[in-house]
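One structure is given here, and the rest of the page talks about it.
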Amino acid sequence: MTDSKYFTTTKKGEIFELKAELNSDKKEKKKEAVKKVIASMTVGKDVSALFPDVVNCMQTDNLELKKLVYLYLMNYAKSQPDMAIMAVNTFVKDCEDPNPLIRALAVRTMGCIRVDKITEYLCEPLRKCLKDEDPYVRKTAAVCVAKLHDINAQLVEDQGFLDTLKDLISDSNPMVVANAVAALSEIAESHPNSNLLDLNPQSINKLLTALNECTEWGQIFILDCLANYTPRDDRESQSICERVTPRLSHANSAVVLSAVKVLMKFMEMLPKDLDYYGTLLKKLAPPLVTLLSAEPELQYVALRNINLIVQKRPEILKHEMKVFFVKYNDPIYVKLEKLDIMIRLASQANIAQVLAELKEYATEVDVDFVRKAVRAIGRCAIKVEQSAERCVSTLLDLIQTKVNYVVQEAIVVIKDIFRKYPNKYESVIATLCENLDSLDEPEARAAMIWIVGEYAERIDNADELLESFLEGFHDESTQVQLQLLTAIVKLFLKKPTETQELVQQVLSLATQDSDNPDLRDRGYIYWRLLSTDPVAAKEVVLAEKPLISEETDLIEPTLLEELICHIGTLASVYHKPPSAFVEGSRGVMHKRLPARTGSCNILIMSKLNSSLLSPQLGGDIGGSPAMGAGFGAAPTVMPASLNAPVGGGLGDLFDLGGGVGMPMGAYIPPKTVWLPAMKAKGLEISGTFARRAGVIQMELVLTNKAMSVMTDFAIQFNRNSFGLAPAGPLQVLTPLGPNQTIEVSLPLSTVGPVMKMDPLNNLQVAVKNNIDVFYFSCQYPISMLFVEDGKMERQVFLATWKDIPNDNESQFQIQDCHLNSEAASNKLQGSNIFTIAKRTVEGQDMLYMSIKLSNGIWVLAELKVQAGNPNYTISLKCRAPEVSQCVFQCYEAVLKN
């Protein structure tokens, strides 16, 4: 008969019967009684009253009975701490039992009893078990140290258990090694700065040896530990990769993903021109493909990880497009993930195949999947320019099906295609207009309205079309209302004579009849613009749109690097760093990929390494720091606190940071007149920009040249390239009388809305007072955006310089500059342009410099200074090369003033 019988009885008075049975002299009866107690405990009954009777049963040679008693003890020791002390003697005795299974059982249970009173009694037995002759006992004791550390960390450190644990990494038994690594990793996670796993080439060699003989979970612990190691050079990195590669063919998918994590990390250090690098890329593809033949849940985890891998290294799976084609019986979550990866892998070589597949998906029955497939066609058009025409004709074919949700998705993506390729595919507008009546989803209606407004001059009956939307204005969603307002204003600016009534109607609906503050504000801005300065209105509303890119859905580079370091964990499935979903600070360590070294640029490398590279690189090292995502992305850096100290304390004061000499103050351009009095009814505004203590300041001089008093000053900025916005109100506390002048300092933040301007550093400003609203443009020196933490680690600089394509390099000449290299370096450092390294080649000083902008974009520079030659040469490299011209202008301004 099975043990299920123990769960069927629910008699009253059972506790007294069990008490009698537990104290029985017959071993079998005693065992039966303990089983009944465990069954009751399992279904949630309180059997803590039997604690002393059950503990008495510990004195037995029967292994099964001992296990049951230990199970009971683990469950109730916390609620009965005083009684639990009774069991200590038995533990001590069991730890010296000749049977290794009993010794291990005792030490395992000791670790699970979380009672402070008992822990100190357990230190001696644990010490013996850590040095036990049987590896099974040693591996169990290793895990027990981690559990004990969780209860009383200080006790574990005082007793020297951590050193014993480190010694176990050199154990002859691979399972002991694996458990020691697991225990140390667990402890290190709760104490991130403890440096417990002090890995060196010798200990790495031992771990790699143990890796071949471990159980699969032991292999995962060891691989995860290896992933936290940073090799000394590319040779060591290659050696580790060669020894980890066989794990890729393991049957357990967790082992495969852990091996992929190690290889992805160490590949960062391999030069791309190395033969082995290409071989490794080829070896990584088959195991990832194999993971996709598992059950759907595992497939989903694999696909989420592959999504990250493809963003970091698309070349690994570029020839494996077919495995991501959707099967009819795939669950929807797998289908959507496969679709995402297909788009990431789409290229000119395989686009025909991908489009044929996507067109097929668009005729499926699953509505969500069809929508995603139609959007995917649009993303392919934006990503692969050569395929845009084919994508547009595919979308038109889908529109002809007249399936409502397909038509609506197609219109949304065609709007994006128009943004990406202006004046190319507008001939399809007529077809889109035919489907106007069938649109019932806000996003599709808004997209169609945008198209009509944007291309109003090409659509004969644009006013009628927009008027038809206007009839039910208050029933539309906010998204549609905003779009309709803008579209009608565009139409008015293009055809003013025919649409006067229409624009007045929409402005009235938006401002007087609407409760939505966004809509009202936009309506009032348009109304004011149109009534005061139609030319300015035209410049604002009909401004050239920045082109969109397919990179909008890519994960930000620094986050991607961190997620690559967490492959095979929940972070890689959520696509969020552990700090975003792990409560508290425990177990949250920010990880980065190592910097790439290589055989190229050996001269620079050796010069930089010889004396300037610190042996211990700081914590936050990335293969490539976040280079920003161009100007479409929101800025990632919040404004510094208004009272932040300058520099980094005494270390910087004495220049212990390794810079070149003492920095001078930041360069501040002279004040210029931005708004002459004749254009602003007597108000003259001049000013400049400064960066002080990490805060950008707009320094204004307001002069009243009119005959009346000016009050109620306020200021607003238009969207701009770097998200500059006032961090507070314009503080003009007293009325400004005739012929009076007042100086005002306005702190700025960089978290405002972003739009690429031409020129890049152009700022459009509106200043209001009691008389009127006045508009002007000014240009800020981009050096205002150079942040204080822009000094890059030297190895990171080298890796990043090589990583940025040569096409992104710009070269400029700075003429008539009479400073030596040290004076130039000091002057530039005052404006947060940091010298990373300096070398002299044939009498020419070469300064390597880094700059970090407030939105996370890094600029790297090489400045060549020849003694006696007043002309400098500067080379700038940046992921967003459009900033290079502005950065050069800053160099020129700083060095010449």
Side-chain angles (χ1 to χ4, degrees), residues 174-175 178-179 181-182 185-186 207-208 210-228 240-267 280-314 316-327 329-342 344-345 555 560 562-576 578 581 591:
M175 268 319 298
N179 278 22
V181 166
S185 301
E186 179 84 18
L207 292 182
L208 288 165
L211 187 62
N212 298 323
E213 300 165 38
C214 274
T215 64
E216 50 199 22
W217 298 111
Q219 290 182 29
I220 292 166
F221 289 134
I222 290 175
L223 287 167
D224 287 350
C225 178
L226 286 173
N228 293 326
I240 294 171
C241 288
E242 283 169 351
R243 293 176 72 177
V244 168
T245 308
R247 301 299 110 215
L248 292 173
S249 53
H250 201 283
N252 186 322
S253 51
V255 176
V256 174
L257 283 176
S258 291
V260 168
K261 170 166 64 184
V262 174
L263 296 173
M264 284 291 289
K265 185 172 179 181
F266 290 176
M267 276 172 81
L280 196 52
L281 284 179
K282 286 176 189 164
K283 283 184 179 175
L284 275 168
L288 292 172
V289 170
T290 306
L291 290 176
L292 298 181
S293 55
E295 47 268 36
E297 295 78 9
L298 282 179
Q299 273 188 58
Y300 179 72
V301 173
L303 286 164
R304 293 293 282 174
N305 281 277
I306 288 168
N307 201 324
L308 297 172
I309 293 163
V310 163
Q311 287 184 56
K312 184 70 184 166
R313 298 198 185 283
I316 292 175
L317 289 161
K318 65 179 178 186
H319 300 303
E320 304 292 344
M321 177 63 87
K322 278 192 174 173
V323 300
F324 299 106
F325 285 176
V326 170
K327 296 177 185 157
N329 58 349
D330 280 340
I332 184 68
Y333 54 87
V334 170
K335 284 182 176 178
L336 296 178
E337 209 54 44
K338 281 185 173 179
L339 206 52
D340 203 32
I341 294 168
M342 278 170 67
R344 296 202 194 288
L345 290 175
I555 292 173
L560 180 60
E562 186 173 353
L563 293 178
I564 291 287
C565 295
H566 288 294
I567 281 177
T569 68
L570 265 183
S572 67
V573 178
Y574 290 156
H575 287 190
K576 290 178 180 175
F581 58 87
K591 299 184 180 182

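Index from 1, following the sequence.
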Got [X] and [Y] here, is their nearest side-chain heavy-atom distance under 4.5 Å?
| X | Y | answer |
| --- | --- | --- |
| I564 | K265 | no |
| M267 | L281 | yes |
| I316 | M264 | yes |
| I309 | I567 | yes |
| L263 | T245 | yes |
| L288 | L248 | no |
| L317 | L284 | no |
| L291 | L257 | yes |

Ignoring hydrogens, what is the shortest heavy-atom contact between [X] and [Y]? Give both atom names and the distance.
| X | Y | answer |
| --- | --- | --- |
| C214 | A178 | SG-CB, 3.8 Å |
| E320 | V323 | O-CG2, 3.1 Å |
| M342 | F324 | SD-O, 3.5 Å |
| L223 | V262 | O-CG2, 3.2 Å |

Just jot down the side chain to side chain donor-acceptor pair (under 3.5 Å) partners of S572, sequence neighbours excluded, or say none.
N305
Please list all pairs passing the salt bridge (Lys or Arg N to Asp or Glu O under 4.0 Å) test where one or both residues lie in [range], with sequence neighbours left out.
| range | value |
| --- | --- |
| residues 286-309 | R304-E337 |
| residues 241-260 | none |
| residues 253-263 | D224-K261 |

Can you pull the ring-ring contact (aromatic ring centres under 6.0 Å, His included) pairs that have at least one residue in residues 241-262, sequence neighbours excluded?
none
Please round to the nearest 0.5 Å and tell me the distance separating atom [atom1] of [X] and atom [atom2] of [Y].
| X | Y | atom1 | atom2 | answer |
| --- | --- | --- | --- | --- |
| C225 | I220 | SG | CD1 | 14.0 Å |
| D340 | L345 | CG | CG | 10.0 Å |
| Q299 | S253 | CD | OG | 11.5 Å |

Under the side chain to side chain contact (heavy atoms under 4.5 Å, CB included) test, which residues partner [X], sequence neighbours left out?
| X | answer |
| --- | --- |
| F221 | A182 |
| A571 | L563, H566, T569, P578, F581 |
| P331 | P296, Y333, V334 |
| P246 | none |

For K338, enumerate each residue passing the salt bridge (Lys or Arg N to Asp or Glu O under 4.0 Å) test, keeping only those at least two apart in sequence or located in another chain.
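Salt bridge (Lys or Arg N to Asp or Glu O under 4.0 Å) list for K338, sorted by chain: D330.
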